[in-house]
Every structure is written in C-alpha cells, then in structure tokens.
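One structure is given here, and the rest of the page talks about it.
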Amino acid sequence: MEAKLKIAEEFAFAAVDSRLYGSFVEHLGRIIYGGIYDPEAPDSDEKGFRKDVIQAVKGLNTPIIRYPGGNYVSNYRWEDSVGPVEKRPKKIDLSWKSIEPNIVGLAEFEAWTKKVDSSINMAVNLGTRGIEDARNLIEYCNFDGDSYYANLRREHGHPEPYKFKTWCLGNEMDGPWQVGHKDAVEYGKLANEVAKAMKTVDDSIELVVCGSSGLEMDTFGDWELKVLEECYENVDFLSLHQYYGNEEDDLENYLAKSEGMDRFISGVTAICDAVKAKKKTDKTINLSFDEWNIWYHSKGEEEANKNWSVAPHLLEEIYNFEDALVIGCLLITLLKHADRVKIACLAQLVNVLAPIMTEENGEMWRQTTYFPFAQVSNYGKGKVLTPYVAVDTYDCKEWKNVKKVETIAVLNEELKELVVFAVNRSREMCRFSVDSLDIPLDFIVQFSEMEGFDIKQTNSVQNEMVIPKDSKNIVIEDNSISAVLQPLSWNMIRIKIQESFF
C-alpha cells in the first residue's frame, strides 16, 4: 500500500491555538483525591500534591484545564471551596453520589495548575444557581478593585486577582441527567444574562456556552440554534462533547470513529455560521470541544456507585493499543479543524478516563493514550497545512471511503520543523511519502512510531510496554520524505527546515 501527502506553506489554513491541547479535571472519583492530591503518597510535596503526577502532567503540555466540572459544576457552591480549609463544609455531590470534603478548593487547584505550567478554564454553576452567583464568583476571581468579594479573596491570602481568561457557562444543560436541566430557550436566556453580568465585571474574558452533550442527543442541532439565537452577541465559543468506543469489537469501524468527530464539528460550525448570517453580524463563534475521549470499558460504573463516599473508584478506564490509535486519529481531526476549534479538553486527566493513573500504594503510570497526546501537544504547534492525500480507502459499518492513512502536517516555526502525524489504519505496511512543494527540508530530527503491539495490549504499573520508539525507516531525497508506516501504527515525523526559509 502507498500513501502520498503533498504539503505547502501556501496551503496553511489555520494557526494552532495552544488551548487545543487542554484537559479536564472534575471533582469525580479519584481525579483529585488519590490522583493529583495524596498527602500519604511517598513523593507528595509540602502541599500534598503528588510530584510524579505533576511531572507526568507537565509532559502532556496542557495549557488550560477545565475545572471544577463536568456534571459536578451543576451543584457546585464555590463559596464552600475557598477560605480556611478547616472551616469548609463537607457536602454531598448529587452528580456522582459522593462526598466532597472541599480540602482541595479553588485556591489549591489554582496553585497546582501553576506547578504543571497550566491555567484554569473555569466553569460557573447554571444548574442550581445563576446570575448573582456567577457575578460574585468572577468578582472574587478577577476583580482588582475595592469590593466585598475581591477583598474576601485578599483576606483568603490572594492579593492579586486570578485573572481566569476562559469561562464555561454551565455544563451539558441539554442533558436530562443534569442537575438543573433546562430547555434550549430557557438556558440560552440565562446564559445571555450571566454573560452580560460577567463581562461587565471583566470584559477581557471569553465565554463558552453549552452546545449539545453529544451528537446522539435528540435535540442536537435545534439546541444549538435556539441557544445561539438567545446569546450570540455575548458569548465567544460553543461547546461540543463526544466520547467514542468499540463496544462491538469492530476494529475497522472503531478506527474510523474520527469520521464522526469530523462530521460533528462540520455540522456545528455550519449551525454557528447560519445564526451569524441570520443575525447579520460580523462576529464569528468558534468552537470549544471541551469534552472528548474514549469511554466504553467502564460504562455503567457511575450508575452502580451509591456509596456516598470520598473519592470512590469510578470510570477508571484502562486503555489499550487500539485506543491509542483512535486517540491519534481524533487529534489529527481536531487539527484539521483548527480554524474553528480553538479550545479542546481531553476528558479527563488523572485516574478517570485518563492518560495518567495512580495506585493506592503510591505508584504512577502512563496509559497507552498518553503518548500520542503528548507528542501532538508538544510538537503540533504553528500553522496547520491542508492535507492533500492520495491513499486507498475502505468501507466499514458506519462510514464509507475511509482513508487507510489519516494524516496532517504542521509547520512548527518555533522549532523550525515540519511535523507530520499519521495513523496507518490498515493491517498492511504503507510506503508513505511527503512531498514538500515550497518548504525546503534539511534533515530528519525524529521518526517515532507506536507499532507491533497486540491491539488489546495495555500498559500497567508493572510495565509501560506500549510506548513510541524511534525508527530508521525514513529518508529525504529531492525535498520529499519517504517512510515506512507499519501496519496499525501511530507515527510522528519531525524534519528540520532549512534556515533560508525563515
């Protein structure tokens, strides 16, 4: 099999917003307690945060982390999470039937994000609360004047405002499972009024309004239209949520799931632009794919949890090699839409649907999905180049004409590199060529591949086996790259660009 990719700088269609590589931390299961925070772990720092987890998160290079939910945010009282820890109440969380001790609150989590070189993508509760509480929260977090909540923040030991830039207006408000679920018009009107109030306090913020919580929702499309009709002028992003799985154990169909992500993004973009045209405005609403991941191994655990305990084991998905290949395809799809998808959040970060796992004896390990994400987040920066690809296709249960090789190229001007990501979906070896029309290539920096594993192979605390390794099966000749992509493989190619180009 052969695949040919043609690229050129003149085909650049978008600059990658670093927030495309965001993640998500919710007060759910063992994400916080036993995950990022564990004073009993042998390598925890003076604040109780695990240093091994900090290093692993830094390796993912996530510039923003959505917080504190998720479903959790719809019954979140931010006042319970600030001030002296010993005075904070233990509260029940209706969304996950757990006890929240509020040991790690707003200040503690913000301090942790600094340790991992990130910042908070903050969410406000529009389930059980509304305008007044959102206004108070942004005053507490972002206001620098002499006011009650700004002074309360100072009293709590934080003289300078947090200055959170990106804010989510609730979570999955279209979902009947959500505490405070609303219909589209009701939610759109509330989001609009909350947006006006928050931007009055700080007009530098960007606001994400809830879109559908999945493409399969009966209200999809109609929800987006009605919500944007109500609040278009006062919000900046519309959210998308979607999880993917292989419940039928159909590898070819599973590897094509990114086709569904592509259609979802294109559909929501069209809806946003339809409202733009109807409103006769120049303002463009971009997208925040602020929940995406693979979720099917642990489906149903959330319903079984009725213990009302602190940090129960919930949704601790163990990922295998085929999951890593799908993550690679999904990342490439996000890059293909980098002109409109400016924010994305891998859901979630530690222990729950996560690339990073911790054991109760203090050990930490990285899942198979950690590595494609880390490579793209660290090297997929700069200009995305339109991928002109010639390759065979296949049909599967859900999709037709699926390319056997999924690929994208990024011109990384900071590193002065051309970076190519590719997934060989086929069970055949592929002779892969990249023809550069106007970017002068110099030498190979790295050809990394994940290949040769059983598709069901997992990593574990005893053995991080499914990891990338470097390959020599690549050459440059006449400004063209020729490489061998092994069957069922994730690949990253980094090529230094000649200095004369810059």
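Only this structure's heavy atoms are used, side chains among them; waters, hydrogens and symmetry mates stay out.
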(request) Apply the test salt bridge (Lys or Arg N to Asp or Glu O under 4.0 Å) to residues K51 and D43: give CA-CA distance (whole Å), side-chain angles for both, the deciding distance (0.1 Å), then the verdict. (result) CA-CA 6 Å; K51 291 186 282 188; D43 74 335; over 6 Å; no

(request) Taking atom types as modelled, find out whether Q486 and N424 have a side-chain donor-acceptor pair closer than 3.5 angstrom. (result) no

(request) Report, as yes or no, whether the 6.0 Å neighbourhood of atom NZ on K342 holds more than 12 heavy atoms from other residues, nucleotides or ligands. (result) yes

(request) Please confirm whether F220 and F264 have ring centers closer than 6.0 angstrom. (result) yes

(request) Sequence neighbours left out, what passes side chain to side chain contact (heavy atoms under 4.5 Å, CB included) with I332? Give chain and number order. (result) K336, E406, I408, F421, V423, W490

(message) Do W365 and E359 pair up side chain to side chain, a donor and an acceptor below 3.5 Å, judged on atom types alone?
(response) yes

(message) Set out, in order, the CA-CA distance, both residues' side-chain angles and the distance that settles salt bridge (Lys or Arg N to Asp or Glu O under 4.0 Å) for K403 and E259, then state yes or no.
(response) CA-CA 10 Å; K403 288 182 171 66; E259 300 289 299; over 6 Å; no

(message) Using only atom types and a distance under 3.5 Å, with no angle test, would you say the side chain of E464 pairs donor to acceptor with the backbone of R366?
(response) yes

(message) So that I can tick it off, tell me whether E322 and K456 are bridged by a salt bridge, with the cut-off set at under 4.0 angstrom between side-chain N and carboxylate O.
(response) yes

(message) Using the rule given for side-chain contact (heavy atoms from CB on, under 4.5 Å), can you reason through V124 versus D133, listing the C-alpha separation, both sets of side-chain angles and the distance that settles it, and then say yes or no?
(response) CA-CA 8 Å; V124 299; D133 299 298; over 6 Å; no

(request) Indicate yes or no: does E316 engage R30 in a salt bridge with an N to O separation below 4.0 Å. (result) yes

(message) Using only atom types and a distance under 3.5 Å, with no angle test, would you say the side chain of S98 pairs donor to acceptor with the backbone of V310?
(response) no

(message) I'd like to know if the side chain of R88 pairs up with that of S81 as donor and acceptor (distance under 3.5 Å, no hydrogens or angles considered).
(response) no

(request) Without swapping roles, check the side chain of N378 against the backbone of G59 for a donor-acceptor pair under 3.5 Å. (result) yes

(request) Answer with yes or no whether the side chains of D38 and T358 bring together a donor and an acceptor at under 3.5 Å. (result) no

(message) For F49 and W112, take the angle between the two ring planes, folded into 0 to 90°, and tell me which bin it lands in: parallel under 30, tilted 30 to 60, perpendicular over 60.
(response) tilted

(request) Check for a donor-acceptor pair, side chain of E291 on one end and backbone N or O of A347 on the other, with a separation under 3.5 Å. (result) no

(request) Sorted by first residue and then second, give each side chain to side chain donor-acceptor pair (under 3.5 Å) pair with at least one member in residues 118-127; sequence neighbours left out. (result) N125-T128

(request) Over 60° means perpendicular and under 30° means parallel, so classify the ring planes of Y140 and Y162, tilted if in between. (result) tilted

(message) Quick one: does any side-chain atom of Y33 pair with a main-chain N or O of L28 as donor and acceptor, under 3.5 Å?
(response) no

(message) We want to know whether E247 and H297 form a side-chain donor-acceptor pair, criterion being a heavy-atom distance below 3.5 angstrom.
(response) no

(message) I'd like to know if the side chain of N171 pairs up with that of R66 as donor and acceptor (distance under 3.5 Å, no hydrogens or angles considered).
(response) yes

(message) Ignoring hydrogens and geometry beyond distance, is a side-chain donor-acceptor pair present between D93 and H27 at under 3.5 Å?
(response) no

(message) Taking atom CD as the centre, does E414 end up with more than 12 heavy-atom neighbours from other residues, nucleotides or ligands that are less than 6.0 angstrom away?
(response) no

(message) Can you see whether N142 engages D202 through a side-chain donor-acceptor pair at a distance of less than 3.5 angstrom?
(response) yes

(message) Can you tell me if R263 has over 12 outside heavy atoms packed within less than 6.0 Å of its CZ?
(response) no

(message) One pair to check against salt bridge (Lys or Arg N to Asp or Glu O under 4.0 Å): K383 and E413. What are the steps and the verdict?
(response) CA-CA 8 Å; K383 298 176 182 176; E413 294 167 310; 3.3 Å; yes

(message) Any non-hydrogen side-chain atom of E110 less than 4.5 Å from a side-chain atom of C141?
(response) no

(message) Under a 3.5 Å threshold, yes or no: a donor from one side chain and an acceptor from the other, between E449 and S489?
(response) no

(request) Tell me, please, which residues at least two apart from Q367 pass side chain to side chain donor-acceptor pair (under 3.5 Å). (result) none

(message) Is it the case that the side chains of S448 and Q375 hold a donor-acceptor pair, with the cut-off being a distance below 3.5 Å and no angle test?
(response) yes

(request) Report the residue from L20, L287, D262 that forms a side chain to side chain contact (heavy atoms under 4.5 Å, CB included) with H337. (result) D262

(request) Would you check if the side chain of S239 reaches a backbone N or O of G211 as a donor-acceptor pair within less than 3.5 Å? (result) yes

(request) Report yes if the side chains of W78 and R129 come closer than 4.5 Å at any heavy-atom pair, otherwise no. (result) yes

(message) Whether R153 and E139 form a salt bridge (side-chain N of Lys/Arg under 4.0 Å from carboxylate O of Asp/Glu) is what I want to check.
(response) no

(request) Answer yes or no: is there a donor N or O on one side and an acceptor on the other, between the side chain of Y243 and the main chain of G214, under 3.5 Å? (result) no

(message) Under the criterion side-chain contact (heavy atoms from CB on, under 4.5 Å), I'd like the reasoning laid out for K91 against Y76: C-alpha separation, chi angles, the key distance, then a yes or no.
(response) CA-CA 10 Å; K91 301 294 284 287; Y76 172 59; over 6 Å; no

(request) Could you tell me whether the side chain of R50 and the main chain of G362 form a donor-acceptor pair under 3.5 Å? (result) yes

(request) Output yes when a side-chain donor or acceptor of N412 lies under 3.5 Å from a complementary backbone atom of Y379, and no otherwise. (result) yes

(request) Check whether any side-chain heavy atom of V376 lies under 4.5 Å from a side-chain heavy atom of L335, and answer yes or no. (result) yes

(message) As a test of understanding, state which of Y67, Y72, W96 forms a side chain to side chain donor-acceptor pair (under 3.5 Å) with E26.
(response) W96

(message) One pair to check against side-chain contact (heavy atoms from CB on, under 4.5 Å): L488 and L325. What are the steps and the verdict?
(response) CA-CA 8 Å; L488 299 175; L325 296 178; 4.1 Å; yes

(message) Heavy-atom count check: over 12 atoms from other residues, nucleotides or ligands less than 6.0 Å from K163 NZ?
(response) yes

(message) Any non-hydrogen side-chain atom of V405 less than 4.5 Å from a side-chain atom of R425?
(response) no

(request) May I ask you to decide if L94's main-chain N or O and N75's side chain share a donor-acceptor pair within less than 3.5 Å? (result) yes

(message) Is there a side-chain contact (heavy atoms from CB on, under 4.5 Å) between V16 and Y21? Walk through the geometry before answering.
(response) CA-CA 10 Å; V16 178; Y21 307 125; 3.9 Å; yes

(message) Between D273 and R340, does the salt bridge (Lys or Arg N to Asp or Glu O under 4.0 Å) criterion hold? Intermediate values first, please.
(response) CA-CA 11 Å; D273 290 346; R340 295 301 291 270; 3.0 Å; yes

